[in-house]
Amino acid sequence: MRRSRWRQRKKKTARGRKQDRARVAGGQKYEVGYESKKTGRSASAVKKAVKKVGNSRKRVEKRLGR
């Protein structure tokens with residue numbers, strides 16, 4: 001009973017969402033499409049950038065020249 005009360009009071013944070021937005025999932029078609037539309041580059045160029053520099057959104061955009 002005590003544990004369930006603690007869970008009710010537990011505050012939800014946006015940390016997980018913020019961390020998720022800082023990454024580009026190279027295997028997710030919608031994320032690659034979003035990034036390619038945002039940068040004006042092809043989807044294959046975005047995938048190559050993710051492979052080359054990792055999945056950090058900042059590094060991917062820097063690699064794509066944005």
Please tabulate, for the side chains in residues 19-28, all donor-acceptor contacts under 3.5 angstrom to protein atoms that are two or more places apart in sequence or on a different chain.
none

Using distance only, find each side-chain donor-acceptor pair of residues 40-47 under 3.5 Å and give its atom names and separation, not counting sequence neighbours.
residue: R41; atom: NH1; partner: L64; partner atom: O; Å: 3.1
residue: S42; atom: OG; partner: S44; partner atom: OG; Å: 3.2
residue: S42; atom: OG; partner: A45; partner atom: N; Å: 3.2

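With sequence neighbours excluded, the residues satisfying salt bridge (Lys or Arg N to Asp or Glu O under 4.0 Å) with R57 are E31, E35.
Here the rule is side chain to side chain contact (heavy atoms under 4.5 Å, CB included) with V53, and of R59, K62, K48 only R59 fits it.
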